[in-house]
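Model, not experiment: these values are computed from the prediction.
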Amino acid sequence: MSPLIQVKNVTKKYGGLTANNDISFDVAENEILSVIGPNGAGKSTLFKMISSFVPTTSGEVLYRGERISNLKPHIVARKGVVRTFQETTIFKSMTVRESVVVAQHLRAKASLAGYFWGSKAAKEDVDAFGKYADELLEFLGMSPISNEQASNLPQGSLRALGIAIGLATDPKVLLLDEPFAGMNHDETMQMVDLVRSVRDERGVTVMLVEHDMPAVMNISDRIVVLNFGEKIAEGTPSEIQNNEKVIEAYLGSVDDEIGM
Amino acid sequence: MGFSGKQLMGVGIFLFVIFIGVPLIIAATGRWDFYYTLTSVALLAIASAGVWLTFYIGRINIGQGAFALIGAYVSAILVVKAGWSFWISLPAAGLFAALVAILIGLPILRLRGVYFAMITLVLTQVATLTALALPITNGAKGISSIPLPSGVSIFGIPLIPDFSSMENTKLAFYITACILMIVTYAALYRLVNSRLGHLCRSMQQNEELASSIGVNISYIRIVIFAISSFFGGIGGAMFGSIAQSVYPSSFQVADSVNFMLNCFLGGLGYVFGPMLGTLVLYFGWDLLFEFGKYQMLIYSTILILLIRFLPNGLLSLSIGKGDKK
Ligand SMILES: Nc1ncnc2c1ncn2[C@@H]1O[C@H](COP(=O)(O)OP(=O)(O)OP(=O)(O)O)[C@@H](O)[C@H]1O
Ligand SMILES: [Mg+2]
């Protein structure tokens, strides 16, 4: 079976700084693939290129054989490749449910004008969005906070909301940038289960960037390791744990350690 | 759509006041000049509605005067030089303003915050200078003695009477302006509460997140700016028709600033904010006339205090949050 996502010789330069250098790897359908590496290794940059938030300097990213790099983010999202953000990025003055409803707009059958005039299709959409929002929030265990204003939520719930917004778009591939950041051990383990069930029950292929090594080792089918913009390793969690280069990269950096 | 009984009653009272209350009071007091004042308020409120809409996608628009001026000229030229009926020139003026907005918007709508605001601030001046320079706009002399709107009839059934044959054109213009204003705000209300409005809200709060969920933000920005300028063009065209003249100085930077202040004052979170803001600001200015040279000083001070202590606008006083959204 051909891979779902192909990262082909992708390079990103910011002036003199090479954030990603000639990175290549594949992601299979229904896989959970993690990208790890010390701070500044170029993980977020890679995700931003896959979702077309920044253009590549050279190389390309293919989704089902079709180029998705160097387009516009909304076009890539429409194809089904959706990212979440490392920083807390939410619709502050919307409630959880409103955010999840608005994120479903790609599924709309009625036109914008149809909504303006209140066409039948638009009414059906509105009902369907509301229903699906409730379902999704139930699935994510967020029903109790569905009417909370996003700006009032604690950090852990904000992460979950970011994922809920991403999921509401009905993606085929979800790119999660540090989804467990700021969560304690229990919350992280809950989230790990959740991400896994997103894959198992919704057939979403997941790519994630994470610093929490136990969580990464637990959740990933495969791992890609970046260091100073270079891909230094790729393999299953056990292969990565025993990889010399990886151990060196992590021991060499001050603020990170590979917790295995 | 579900309207609460309270909302329906509010709309009912509003319509009653506008179409029956005001004419009765004016007839009783003999203050016919009030029609002109209220007509102006209604038309300025239409242009302000457009500015409010650009706020809704997170852009500060200080350029509505340019589009009002464009609308006024387009209508005047179509009526005077091409012999069109005013009633056809009116939507044409709005559409032309929208077209210009699309052309200008393509490059400038990428800018955010003060940068966008600064550029729009220049637009009004550019429009004035263009009107001075072009042959078709007649330079500084402008276009004067524009005929009053002619009658409209379909299959011999008169829909709109000929304004020039009327005894009381003031009342006719007042009614026309009010109807236009009501249609504008009804459309605005629908828009804000429909999917387009929800997408605007998502963009206003976070453009990156909005594009990550597939919102074509540059397209929506253009659509909104075009609609906004359409309102400006309509308001301007109507003004020109009432004044029966258009000059390069008919709309100036100060007008653009006022359109923006109307929105601030009424409340950016409320669809009907700019309407109230326009009314209060217009009458506030007039009432302060007695203070002579201190008029501007007092006016500005009050505005600053209002914005300082009521950052969400006048409507935040009476309406619970999100009630009349
Ligand atoms: N817009 C930008 N302009 C210039 N340099 C940038 C830009 N974005 C990222 N960089 C640089 O590129 C390098 C990689 O950044 P990136 O955010 O991809 O790292 P990361 O692996 O996600 O790090 P972290 O784990 O801290 O999130 C860093 O040195 C960063 O300073
Ligand atoms: Mg990062």
Taking atom CD of E138(A) as the centre, report whether more than 12 heavy atoms of other residues, nucleotides or ligands fall under 6.0 Å from it. no
Between R201(B) (side chain) and S93(A) (backbone), is there a donor-acceptor pair under 3.5 Å? yes
Taking H198(B) for the side chain and E98(A) for the main chain, is one N or O donor matched with an acceptor at less than 3.5 Å? no
Contact class of F91(A) relative to chain B, heavy atoms under 4.5 angstrom: both
If you count the non-hydrogen atoms of other residues, nucleotides and ligands that lie under 6.0 Å from OH in Y219(B), is the total more than 12? no
Could you pull out the closest heavy-atom pair between A77(A) and S212(B), with the gap in Å? CB-O, 3.5 Å
Residue R110(B) excluded, over 12 heavy atoms near CZ under 6.0 Å: no
Judged by atom type as modelled, is there a donor-acceptor pair below 3.5 Å linking the side chain of R195(B) to the main-chain atoms of S111(A)? no
So, the part of E208(B) with a heavy atom under 4.5 Å from chain A: the answer is both
Greatest number of non-hydrogen atom pairs under 4.5 angstrom with chain A, of S194(B), S218(B), S211(B), falls to S211(B)
Bottom line for A168(A): the part with an atom under 4.5 Å from chain B's heavy atoms is neither
Max heavy-atom pair count under 4.5 Å with chain B, selected residue of K79(A), K92(A), Q104(A), M94(A): M94(A)
Yes or no on side chain to side chain contact (heavy atoms under 4.5 Å, CB included) for L199(B) and Y115(A), after CA distance, side-chain angles and deciding distance? CA-CA 12 Å; L199(B) 297 183; Y115(A) 279 85; over 6 Å; no
Note, L209(B) side chain near F85(A) side chain (heavy atom, < 4.5 Å): yes
Check whether any side-chain heavy atom of R78(A) sits under 4.5 Å from a side-chain heavy atom of N216(B), and report yes or no. yes
Below 4.5 Å, heavy-atom pairs only: which of V215(B), I213(B), I217(B), V223(B) has the largest tally toward chain A? I213(B)
If I measure from the heavy atoms of chain B, does L112(A) come under 4.5 Å with its side chain, its backbone, both, or neither? both
